[in-house]
Amino acid sequence: MALGIVTLNNKKYMEIKRKLNEYGIKVRQIPLITVEIQSTNMYEIILNKVSHLMKTIQPPFIVEDSGLFIKSLNGFPGPYSSYVFKTLGNNGILKLMKGIKDRKAEFISLIGLALKPQVVKIFQGKVYGTISMEKRGNKGFGFDPIFIPEGYNITFAEMDIQSKNKISHRGRACEKLAKFLINYGIPT
Ligand code: ITT
C-alpha cells in the first residue's frame, strides 16, 4: 500500500516522494485542498489539518506544512508564508529586507502523520540559512530563489532536488518520518 501525501503542490510532493522512496516507502499524491486555521502555532495548524482530513480520507496519510522565519522581521512570514508568498512574493521579501544586515532565516517543516483514527504523529525538520541579496536560480519553488542554506553560497533554487533534500527542512522531517514508519512497519 502506498502512503498518501495530501498536497496540491507538485514540487513539494516530488521532494517528499524522492526522499521516502530512498527508504523504500511508496507514496501517492492526494490532491486535496486543506483547511488552514489562522494561528501563530504551526503545531496547532497541522493538527487541525490532519483532524479535518481524517473526516474525508482514511489513514495512513501525511500532510506537510512549511514556514520561512526571518529573524530581523521577528519571524515573519512564519505561519503566514503561503499568503505572503502569494501577495508579496520573493521581490516583496527582498524589498522588506532592503538595508537590513542581519539576514538570518530558517525554514521549518512539520509533517503530520495520520496513523490510525485518533492517532497522529508530528515530525519536525529545520534548516538555518540567510536571505540572499537578490533572487538566484530557477529550480525548486516558493522562497527557494532567496534562501541560502547555512554552509553554502548558493540558494535552494540553484540546487537539484537531491541536494536540497539532503539538507532541507522537509528532507529532515521526511527522514524522521521514514525512520518511524520503518520501525512501525507501515506502509512499504
Ligand atoms: P500545500 O499546502 O498544498 O501542501 P503549499 O505550497 O501551500 O502547498 P505550504 O503551506 O507548506 O505549502 O507552504 C507555505 C509557503 O512556503 C508556500 O508559499 C511555499 O511556496 C513556501 N515554501 C514551502 N516549502 C518551501 C520550500 O521548501 N522552499 C521554498 N519555499 C517553500
Side-chain angles (χ1 to χ4, degrees), residues 3-20 27-50 52-53 56-57 61-70 73 75-94 96-97 105-114 122-132 135-150 152 154-175 177:
L3 177 68
I5 318 283
V6 183
T7 181
L8 289 175
N9 181 331
N10 294 334
K11 296 208 165 156
K12 177 193 276 195
Y13 172 69
M14 280 315 295
E15 288 185 9
I16 297 174
K17 177 181 158 75
R18 288 287 279 270
K19 193 70 179 189
L20 294 184
V27 300
R28 71 192 162 93
Q29 187 171 7
I30 306 179
L32 279 180
I33 295 175
T34 50
V35 181
E36 190 160 320
I37 56 156
Q38 254 196 9
S39 166
T40 49
N41 184 328
M42 285 184 76
Y43 283 85
E44 204 183 338
I45 297 172
I46 197 94
L47 275 173
N48 200 276
K49 267 192 188 179
V50 175
H52 249 96
L53 285 166
T56 358
I57 51 175
F61 64 83
I62 65 163
V63 62
E64 191 261 6
D65 246 338
S66 290
L68 174 67
F69 296 75
I70 301 174
L73 303 179
F76 181 85
Y80 308 110
S81 292
S82 189
Y83 180 71
V84 169
F85 184 73
K86 280 185 213 135
T87 51
L88 298 180
N90 286 324
N91 290 335
I93 296 284
L94 290 176
L96 282 176
M97 297 289 291
E106 58 193 57
F107 260 122
I108 297 179
S109 159
L110 290 187
I111 294 178
L113 166 69
I122 312 267
F123 304 88
Q124 195 236 49
K126 197 189 259 203
V127 59
Y128 295 102
T130 50
I131 301 297
S132 58
K135 289 191 283 184
R136 282 187 348 228
N138 51 19
K139 299 188 186 93
F141 64 96
F143 300 109
D144 280 346
I146 60 164
F147 186 84
I148 302 173
E150 199 174 57
Y152 292 77
I154 55 172
T155 66
F156 268 162
E158 294 176 294
M159 292 184 173
D160 57 32
I161 191 167
Q162 290 106 308
S163 312
K164 180 184 169 190
N165 253 350
K166 265 189 203 137
I167 53 168
S168 77
H169 49 311
R170 183 168 301 104
R172 286 176 175 155
C174 282
E175 278 163 21
L177 165 73

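Counting starts at 1 for both ligands and their atoms, following the listed order.
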Whether His169 and Phe107 hold their rings parallel, tilted or perpendicular, with breakpoints at 30° and 60° = parallel
Partner residues of [X] under the side chain to side chain donor-acceptor pair (under 3.5 Å) criterion, sequence neighbours left out:
X      : result
Glu150 : none
Lys19  : Glu175
Asn138 : none

For ligand 1, find each of its N or O atoms that sits under 3.5 Å from a protein N or O atom, and tabulate the pairs with distances to one decimal place.
unit_1   : atom_1 : unit_2 : atom_2 : d
ligand 1 : 3 (O)  : Thr7   : OG1    : 3.3
ligand 1 : 3 (O)  : Leu8   : N      : 3.0
ligand 1 : 4 (O)  : Thr7   : OG1    : 2.6
ligand 1 : 4 (O)  : Lys12  : NZ     : 2.7
ligand 1 : 6 (O)  : Asn9   : ND2    : 2.9
ligand 1 : 10 (O) : Asp65  : OD1    : 3.4
ligand 1 : 11 (O) : Lys12  : NZ     : 2.9
ligand 1 : 11 (O) : Ser66  : N      : 2.9
ligand 1 : 12 (O) : Lys12  : NZ     : 3.1
ligand 1 : 24 (N) : Arg170 : NH2    : 2.7
ligand 1 : 27 (O) : Lys164 : NZ     : 2.8
ligand 1 : 27 (O) : His169 : NE2    : 3.0
ligand 1 : 27 (O) : Arg170 : NH1    : 3.0
ligand 1 : 28 (N) : Asp144 : OD1    : 2.6
ligand 1 : 28 (N) : Lys164 : NZ     : 3.4
ligand 1 : 30 (N) : Phe143 : N      : 2.9

Donor + acceptor pair across side chains of Ser66, Arg170 (<3.5 Å) | yes
Is a salt bridge present between Asp160 and Lys139, judged by a nitrogen-to-oxygen distance below 4.0 Å?
-> no
